[in-house]
Amino acid sequence: GAVVSQHPSWVICKSGTSVKIECRSLDFQATTMFWYRQFPKQSLMLMATSNEGSKATYEQGVEKDKFLINHASLTLSTLTVTSAHPEDSSFYICSANPGTAGTQPQHFGDGTRLSIL
Amino acid sequence: TQLLEQSPQFLSIQEGENLTVYCNSSSVFSSLQWYRQEPGEGPVLLVTVVTGGEVKKLKRLTFQFGDARKDSSLHITAAQPGDTGLYLCAGADITNAGKSTFGDGTTLTVKP
C-alpha cells in the first residue's frame with residue numbers, strides 16, 4: 001500500500017530555532033501533499049496544501065511566513081517552522097494522495113512531535 | 001465551507017459491548033474515509049466508501065455510506081481493548097483540490 005514517511009518523529013529545541021520537517025511518499029508520486037496540526041485528543045487541522053513546483057496554499061489564519069512549505073519534487077515536501085516559540089509546540093502530520101487528488105484516500109505520515117522550550 | 005459533524009466525541013465502554021459512531025454533513029462528498037489513530041502516531045486508513053448506500057465490513061467493524069453520500073456510520077461489534085483509539089471520519093471532494101474535511105473525532109476507550 002501507499003507509504004508516507006515523515007521525519008523526524010520527535011524534535012525538542014530552544015525558542016527561536018527553526019525546525020524543518022520532511023514528508024516523503026516512498027512508493028508513489030504526489031503532486032499534492034497536505035500539512036496538518038493536531039492538539040491532544042482533537043481532530044486534524046489543515047494548515048496548508050503543498051503543491052509540487054508551485055507555491056503552497058495556506059488555510060485562513062495560518063501564517064505563511066511562519067510555516068514555510070517547499071515541494072521541490074514529486075516525492076518530498078518540507079515544512080519549516082521558523083523562529084519557533086512554545087505556542088508552536090504541537091503534533092504535525094503530513095499526508096499525500098496516490099493518484100489523482102480526491103479519487104484516492106489520503107495516506108498519513110507518522111507525525112512529528114514538536115516541543116519548543 | 002464543508003463541515004462534518006462526528007458524534008459522540010468521547011465514548012467509554014466495557015469489553016464486549018457494541019457501539020456506533022456517526023458522521024453527518026449537509027455536503028455531498030466524492031468519497032468518505034474512516035481512520036483510526038493511536039497516540040503519537042499518524043491516522044491509519046480503515047476503509048474508503050464511495051457509492052451511496054455502500055456497506056463495507058472489516059472483521060467486527062461495519063461501515064455504511066448514506067444514500068445521498070452526506071453521512072456515514074461506523075459500527076463496532078463486541079468491542080475489545082485493542083479497539084481503543086481516536087476514530088476520524090474524513091470526506092473527500094474531488095472538486096476541492098483533493099482536500100479532506102475531517103470530523104472532530106471520537107475518542108473510544110474500551111475497558112477490559
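Lettering follows sequence order; numbering is per chain, from 1.
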**Q** Answer with yes or no whether the hydrophobic clustering places A:L74 together with A:V4; edges join I, L, V, M, F, W, Y residues whose side-chain heavy atoms lie under 4.5 Å apart.
**A** no
**Q** Measuring heavy-atom distances to chain A, does B:S100 have an atom under 4.5 Å in its side chain, in its backbone, in both, or in neither?
**A** both
**Q** Can you name the closest pair of heavy atoms from A:F91 and B:E41 and give their distance?
**A** CE2-O, 3.6 Å
**Q** If I compare all heavy atoms of A:I93 with all of B:P43, which pair ends up nearest, and what's the gap?
**A** CD1-CD, 4.0 Å
**Q** Rounded to the nearest 0.5 Å, what separation is found between the NZ atom of A:K41 and the CG atom of B:D104?
**A** 15.5 Å
**Q** Are more than 12 heavy atoms from other residues, nucleotides or ligands located less than 6.0 Å from atom NE2 of A:H7?
**A** no
**Q** Following the transitive rule for hydrophobic clusters with a side-chain heavy-atom cut-off under 4.5 Å over Ile, Leu, Val, Met, Phe, Trp and Tyr, establish whether B:F102 and A:F34 coincide in one cluster.
**A** yes
**Q** For chain B, which candidate among A:R113, A:Q6, A:Q106 shows the most heavy-atom pairs at distances under 4.5 Å?
**A** A:Q106
**Q** Under a 4.5 Å cut-off applied to non-hydrogen side-chain atoms, are B:L45 and A:H107 in contact?
**A** yes
**Q** In the single-linkage hydrophobic clustering (I, L, V, M, F, W, Y; side-chain heavy atoms under 4.5 Å), do B:I76 and B:V55 co-cluster?
**A** no
**Q** For B:E5, does the CD atom sit with more than 12 other heavy atoms under 6.0 Å from it, leaving out its own atoms?
**A** no
**Q** Name the member of B:G40, B:G105, B:P39, B:A90 that forms the most heavy-atom pairs with chain A at distances under 4.5 Å.
**A** B:G40
**Q** For the residue pair B:K99 and A:L46, what are the closest heavy atoms and their distance?
**A** CD-CD2, 3.9 Å
**Q** Can you tell me which portion of A:E59 sits under 4.5 Å from chain B's heavy atoms? Options are side chain, backbone, both or neither.
**A** side chain
**Q** Non-hydrogen atoms of chain A under 4.5 Å away: do they reach the side chain of B:Q6, the backbone, both or neither?
**A** neither
**Q** With the 4.5 Å side-chain cut-off for hydrophobic clustering, are B:F29 and B:F63 part of the same group?
**A** no
**Q** State yes or no: do B:W34 and B:V110 share one hydrophobic cluster built from I, L, V, M, F, W and Y residues joined by side-chain heavy-atom distances below 4.5 Å, directly or via other members?
**A** yes
